[in-house]
Amino acid sequence: MSENYEDSKLYRLRHSAAHVMAQAVLEKFPSGKVAIGPPVDDGFYYDFDLPRPLTPEDLEEIEARMREIIKANEPFIREEVSAEEARQIFDDQPYKIELIEGLEDGGIDEHGNPVDEKPVISIYKSDTFVDLCRGPHLERTGQINPKAVKLMNVAGAYWRGDEHNPMLQRIYGTAWLSPKELKQYLWRLEEAKKRDHRKLGKALDLFSVSDEVGSGLVLWHPNGAKVRFLAERFWEDEHLANGYEFVYTPHIGKADLWKTSGHLDFFAENMYAPIEIENQQYYLKPMNCPFHIEIFKSGIRSYRDLPMRFAEKGTVYRYERSGVMHGLLRVRGFTQDDAHHFCTPKQMPEEIDFVLSFSLHILRSFGFNEIKAYLSTRPEKAAGDPERWRDAEAALEASLKRAELPYELDEGGGAFYGPKIDLKIQDALGREWQLSTIQFDFNLPERFDFTYIDEDGHAYQPYMIHRALMGSIERFFGILIEHYGGAFPVWLSPVQAVIIPIADRHVAFAREVSKVLKDAGLRVSVDERSDRMNAKIRDAEQQKVPYMLVVGDREMENNQVDIRRRSGERLGAMLVDDFKALALKDVAEKVEG
RNA sequence: GCCAAUGUAGCUCAGCGGUAGAGCAGCCGAUUCGUAAUCGGCAGGUCGUCAGUUCGAAUCUGACCAUUGGCUCCA
C-alpha cells in the first residue's frame with residue numbers, strides 16, 4: 001500500500017464505484033438504508049440495511065446495473081450543505097442522520113472516532129444517488145472501467161463496528177484502473193488459495209482438525225510433526241546456547257493462582273470452565289506465566305542469579321468464540337514458545353536488546369526476512385507506575401533503533417500490564433501476521449510480590465519480560481506453510497529425497513543408496529512401486545520433496561544418482577557421495593528452494 | 001457470538017422428491033518403462049447429526065454440529 005493511496009486515482013475510482021454500487025442497490029431495494037462505503041486495500045465496500053438477505057444472483061444483477069450507470073457517464077457533483085439541509089436530504093436515512101449528528105457535534109467520523117478539524121458537511125450527487133460524503137471522487141462515472149470492477153461477496157458487518165449495534169449487509173467489491181489489473185488481482189487470489197495452509201495441510205498430510213476431537217484443536221500428522229520436531233530442535237539448541245533454562249509446568253492450576261494473577265478478573269471469558277475435584281477448582285491454563293513465577297518464587301534469588309530466563313513450549317487453552325477459528329492461525333489449544341525473563345532494572349536495556357535480536361535471529365532462520373515491528377505504549381487504563389512505563393517504553397524504543405528495525409508506534413496499544421514490541425511478518429502475498437511478542441509486565445511482580453536480594457542486602461522487585469518468538473507453534477507452522485507454499489527448505493522437509501528406481505531391477509541399488517544417505521542423517525525414501533518413473537516424479541513433485549534421485553542402468557553402473565529438484569531443474573548424474581555432501585550442505589546452511 | 005453460504009466415498013466434485021455417481025487415491029493383476037499421471041479389474045458411502053413433512057427424503061422444513069467468507073473479539 002503506497003502512502004498516498006488516499007490521494008490516488010485508484011482511491012477515487014474505488015470510492016466512486018462504491019457510490020455507483022449503492023445507487024444500483026437502492027434502485028433494487030427502494031426502502032433500503034445506506035450506511036458507509038469507503039475504499040479499502042484492494043477495492044471498496046458499502047454497508048446496507050435491506051429488507052432481505054442478498055443472494056449471489058442479486059450481486060450479478062447489481063453488477064450489471066452498475067455497468068449501465070458507468071456507461072451513462074453521470075457526473076459526480078459535490079455540494080457543501082449545512083447540517084440542517086443535510087438532515088432534510090437524508091431524512092429517510094437513519095444512519096446518515098446519525099453521521100450528520102456526529103459531524104455537527106464537533107466532529108466524529110464515520111467510525112465514531114473524534115476528529116480535530118471543524119468538519120464541512122459535503123454531499124456528492126451522481127445520477128439518482130446522493131450520499132453524505134467527504135469525497136473525493138472521479139469527475140464522471142464513465143471514468144470507471146466497467147470491465148475492471150467486480151463484486152466479490154456479501155458479509156455481515158455491525159453498524160459502526162460495534163456488536164451491540166444492528167448487523168448490516170456489506171457488499172465487497174474490487175475495482176482497478178484496467179481490466180488487466182483486475183485479472184492480475186484475481187490471479188493473485190487464486191495463487192493465495194493454492195498456498196493456503198489448510199489446503200496444503202491436507203495435500204501434504206501435515207495436520208487435521210477433527211470434529212470428534214473438537215473445533216480449534218489441532219492434530220499433527222507424522223509429516224507435520226516432523227517439521228515441528230525439527231523446528232523445535234533448532235529452537236531448543238538456540239535457547240540452550242543463549243542462556244535460557246528449560247522448565248516444564250502442568251496444564252492446570254488452582255483457582256487461587258488465577259485469582260492472584262488477575263486472569264480470573266481480566267481473562268476469564270477466554271478461559272475454559274473450571275474442573276472441580278476435592279472441593280478445589282482447577283483451571284486449564286490460558287498462559288504459562290503464573291507457573292514460571294512460582295518457580296522463580298520457590299527460592300531466594302540474588303542479583304547474582306539475574307537475569308533468569310525460563311523457557312517452555314507451554315500448551316495453553318483459550319476459549320475462542322465459535323466464529324473466529326481459522327485453520328492453524330486461530331485455534332483453541334496451542335503451544336506457545338514462551339519464556340519469562342527476570343532481571344534487575346539496571347539489566348533491563350541489555351535484556352531487551354538481547355531478546356529482540358534473538359527473536360530476529362530465530363525468525364530469519366525460518367526464512368522470514370521482511371519483519372515489521374510495532375511498539376505499543378501505555379493505554380489509558382494501566383497497572384504500574386507511569387515512570388516505570390516511560391523507562392520501559394524508552395528501553396523498547398532504543399532497542400528497536402539499535403536493531404535498525406523500522407517500526408510503527410501504536411500509541412496506547414500496550415497491554416494493561418506493560419508496553420510491548422510485536423513482530424509481524426508478511427507472507428509472499430503481502431499479508432501481515434503477528435508472530436513474536438516481547439512484553440513488559442508491571443502487574444504480575446506486584447500481584448505475586450516476588451523479589452530478589454540486591455547488593456545492599458535489601459529485597460527489590462525484579463523487572464519481568466514475557467516473550468514468545470514463534471508465538472504459537474500452530475500459527476507459526478501455518479504461516480511457515482504459506483510462506484514456502486508447502487515447499488519447506490531442505491532442513492525442514494519431512495522427506496528430503498525420494499529415490500526413484502526406473503525398473504524393478506534398480507530397486508536393490510536404490511536401497512543401497514538409501515542406506516548411505518540415511519546413515520548420513522538424511523530423510524530419504526525409495527519409491528518401489530511398479531509405476532512408471534514419470535508417475536513417481538509427479539508424485540514426488542506434488543509432495544514437494546526437494547530432491548528426486550532417479551536411478552537406472554547408467555547410475556547403477558557408476559554408483560551415481562540422477563538429480564532433479566522439485567523446481568524441475570535437472571542437476572544431472574552425480575556420485576552418491578557427492579549428492580550426500582550437497583544435501584548435508586543444504587541442511588547445514590538452511591538453504592531454501 | 002453475529003450475518004450469509006456450504007456440508008454426498010480418503011481427496012475433488014456431480015446428483016437436488018422415487019431408495020447414490022465420476023475422477024483421483026486405495027487394493028488385486030498385468031506392465032519394467034529415462035524426467036510431471038501405463039492399462040485392466042475390485043472394493044469403498046448411516047449423503048454432517050437429530051427431529052419433522054411425505055406413500056417415499058441425499059433432495060423439502062426445523063434445531064443442532066462443523067467448515068468457509070466477513071463482522072466483533074484476540075494477538
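Chain A is the first sequence line, chain B the second, and so forth, proteins listed ahead of strands; every chain is numbered from 1.
Side-chain proximity of A:Arg564 to the nucleotides B:U35, B:U32, B:G1 is greatest for B:U35.
Base pairing of B:A20 is not made with any nucleotide, judged by Watson-Crick or G-U wobble geometry with both donor-acceptor distances under 3.5 Å. When both distances must be under 3.5 Å, the Watson-Crick or G-U wobble mate of B:G62 is B:C50. In this structure, B:U38 forms a base pair with B:A30, meeting either the Watson-Crick or the G-U wobble geometry with both donor-acceptor distances under 3.5 Å. Summarising the base pairing, B:A9 is matched to no nucleotide, lacking a Watson-Crick or G-U wobble pair whose two defining distances lie under 3.5 Å.
Only the P atoms considered, B:U8 is 15 Å distant from B:A58, to the nearest whole Å.
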Protein heavy-atom contacts under 4.0 Å, written 5' to 3' over nucleotides 39-45 of chain B as B (base), S (sugar-phosphate only) or - (none), form the string -------
Letter by letter from the 5' end, nucleotides 68-75 of chain B scores (B base, S sugar-phosphate only, - none; protein heavy atoms under 4.0 Å) SBBBBBBS
Just list the side-chain donor-acceptor pairs under 3.5 Å for residues 436-443 of chain A, sequence neighbours left out, or say none.
residue, atom, partner, partner atom, Å
A:Ser436, OG, A:Leu469, O, 2.6
A:Thr437, OG1, A:Asp422, OD1, 2.8
A:Thr437, OG1, A:Gln439, NE2, 3.1
A:Gln439, OE1, A:Tyr417, OH, 2.6
A:Asp441, OD1, A:Asn443, N, 2.6
A:Asp441, OD1, A:Leu444, N, 2.9
A:Asp441, OD2, A:His466, NE2, 2.6
A:Asn443, OD1, A:Arg447, NE, 3.2

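Residues of residues 534-546 of chain A having a heavy atom closer than 4.0 Å to RNA chain B, listed by number: A:Asn534, A:Ala535, A:Ile537, A:Arg538, A:Glu541. Within residues 201-217 of chain A, the residues having any heavy atom closer than 4.0 Å to RNA chain B are, in order of number, A:Lys202, A:Asp211, A:Ser215.
The side-chain contact (heavy atoms from CB on, under 4.5 Å) test applied to A:Ala18 returns A:Phe44, A:Tyr46, not counting sequence neighbours. With sequence neighbours left out, A:Glu61 forms a salt bridge (Lys or Arg N to Asp or Glu O under 4.0 Å) with A:Lys28. Checked against side-chain contact (heavy atoms from CB on, under 4.5 Å), A:Glu512 has the following partners two or more places apart in sequence or in another chain: A:Phe509. For A:Asp578, the salt bridge (Lys or Arg N to Asp or Glu O under 4.0 Å) criterion is met by no residue, not counting sequence neighbours. Every side chain to side chain donor-acceptor pair (under 3.5 Å) that A:Ser399 has, sequence neighbours left out, goes to A:Asp353.
Taking 3.5 Å as the limit, the base of B:A4 and the side chain of A:Arg52 contain no donor-acceptor pair of atoms between them.
Each salt bridge (charged side-chain N to carboxylate O under 4.0 Å, His left out) pair with one or both residues in residues 545-556 of chain A, not counting sequence neighbours, appears once here: A:Arg505-A:Asp553. The list of salt bridge (charged side-chain N to carboxylate O under 4.0 Å, His left out) pairs with a residue in residues 167-176 of chain A, not counting sequence neighbours, reads A:Asp47-A:Arg170.
Between A:Tyr272 and A:Tyr317, the two ring planes are perpendicular [angle over 60°; tilted spans 30° to 60°].
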